[in-house]
Protein chains: 2
Amino acid sequence: MTRTDPEALAFAQHDHGACAADALDYARGVCEQQGLRLTPVRERVLQLLLESHNALGAYDLLEKLKADGLGSQPPVAYRALEFLVAHGFAHKIERLNAFVACSRTHSGHSPAFMICRQCHQVAEAHATLASGKLGQAAKSIGFKIEKTVIEAEGLCPACQGSGA
Amino acid sequence: MTRTDPEALAFAQHDHGACAADALDYARGVCEQQGLRLTPVRERVLQLLLESHNALGAYDLLEKLKADGLGSQPPVAYRALEFLVAHGFAHKIERLNAFVACSRTHSGHSPAFMICRQCHQVAEAHATLASGKLGQAAKSIGFKIEKTVIEAEGLCPACQGSGA
DNA sequence: TAATGTTATGTTATAATATTACATCTCCAG
DNA sequence: CTGGAGATGTAATATTATAACATAACATTA
Ligand SMILES: [Zn+2]
Ligand SMILES: [Zn+2]
Ligand SMILES: [Zn+2]
Ligand SMILES: [Zn+2]
């Protein structure tokens, strides 16, 4: 339940076992508090997402669920993802049509992502779009922003070193 | 070839006939200058995108191409779109898996979009992500941004009025 | 002009992503 | 218990996208 909240964790050296365990504990705690049901399928999908900082497609997850004896048809994966995304435990990366576990503790945050095109890791940062250039443009013309997709693609520090 | 460059044109009242005609002329000029081939299929797809400020899916376009006797299989549409996107005459809206014509004159710009969830119009603005919060985070951790996806979803001014 | 290489198009097939619809099961409130 | 709500299982299908290969159009130059 008590998690640190660094920017771009995925590209920093860190104890990922603890990183994943903390995130899972945090999700369990939030669900308990809010009366949400972190069912076996949902929890397993979150665990799978937490295994790395890479984005996983619904069908990648589905294969692993199947291996666990937990449903093998697309809706099983999509429904679990829908729950996780709706409650902020995971995010969809639109650029990749794939999903990552959330690495933050705030609920109701608007995340931004850095996607490494080489190692495919995805780091999450917090974006305050409303304050940026687009936010200003939106305000000035009267567009009411409800949700944002902010994804940067490029090379992570490690991959820049290794002859990219 | 000489186009004005307002922010969020789609949500402002404007002479859309001229808007589309100018964009097409502009694309023709750029192609001539740069030795790019704006072939019939490519030009037709651009025209179709320019007919409105709504995003069109590849299969929407394909139907219209078929009606024109211009190829009816997915690769025809996807290849034309690939050309248009590569040269900055169109953009993909990742959130919608659909495409819009570019409404700007700069080449090499990094666009941002406002998508109205009600009327489905898409307005383009110019985003300088590198200068915003995410840009700072990227710089501080050494992530090298090559491309950005910035899309805001919400309600345009007109749709806020009409009981949304 | 004819030969050649290159780019664009046409076409078939298939992959990858996502949703609809409906039957069944589980859990809890009453 | 029993009814209702939410979650899961499953089949079928829709939507988006690409791979692979054949042909056509166009340019260069012999
Ligand atoms: Zn980690
Ligand atoms: Zn990387
Ligand atoms: Zn217009
Ligand atoms: Zn609108």
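Just so you know, these numbers come straight off a predicted model, no measurement behind them. Just so we're on the same page: letters track the sequence lines, and every chain starts at 1.
One can place CD1 of A/Ile93 at 16 Å from C1' of C/dT17, the figure rounded to the nearest angstrom. Atom-to-atom, CG of A/Leu81 to P of C/dT17 comes out at 12 Å; the value is rounded to the nearest Å. In this structure, A/Leu61 atom CG and C/dT17 atom P are separated by 11 Å, rounded to whole Å. Summarising the geometry, the separation between NE2 on A/His87 and P on D/dA7 is reported as 9 Å, rounded to the nearest angstrom. Atom pair A/Arg79:CZ and C/dT17:C1' shows a separation of 16 Å (rounding to whole Å applied). B/Glu63 has its CD atom 10 Å from the P atom of D/dT15, to the nearest Å. Summarising the geometry, the separation between OH on A/Tyr78 and P on D/dT13 is reported as 18 Å, rounded to the nearest angstrom. Following rounding to the nearest Å, A/Glu82 (CD) and C/dT19 (P) show an atom-to-atom distance of 8 Å.
Residue B/Arg42 has a polar side-chain atom (N or O) positioned under 4.0 Å from OP1 or OP2 of C/dA8. Residue B/Asn97 places at least one side-chain N or O closer than 4.0 Å to OP1 or OP2 of D/dA17. One finds a side-chain N or O of B/Thr39 lying less than 4.0 angstrom from the OP1 or OP2 phosphate oxygen of C/dT9.
Projected onto DNA chain C by closest heavy-atom contact, B/Val41 and B/Pro74 fall at different nucleotides, the more 5' of which corresponds to B/Val41. Mapped onto DNA chain C by nearest heavy atom, B/Pro40 and A/Gln73 fall at different nucleotides, with B/Pro40 at the one closer to the 5' end. Comparing A/Gly69 and A/Tyr59 along DNA chain D, the residue whose closest nucleotide (by nearest heavy atom) sits nearer the 5' end is A/Gly69.
For the pair A/Phe113/A/Val100, a side-chain contact is recorded, criterion being any heavy-atom separation below 4.5 Å from C-beta on. Side chains of B/His120 and B/Leu96 form no contact here, defined as non-hydrogen atoms less than 4.5 Å apart. No side-chain heavy atom of A/Leu56 sits less than 4.5 Å from a side-chain heavy atom of A/Val45. Residues B/Val30 and B/Leu38 have side chains not in contact (no heavy-atom distance under 4.5 Å, counting atoms from C-beta outward).
A/His14 and A/His16 have perpendicular rings, their planes meeting at more than 60° on a 0 to 90° scale where under 30° would count as parallel.
B/Lys92 comes within contact range of the sugar-phosphate backbone alone, with a heavy-atom separation under 4.0 Å but no base atom that close.
The nucleotide whose nearest atom lies closest to any side-chain atom of B/Val76 is, among D/dA17, D/dA7, C/dT11, C/dT11. The listed nucleotides are D/dT18, C/dT19, C/dT9; the one nearest the side chain of A/Pro75 is C/dT19.
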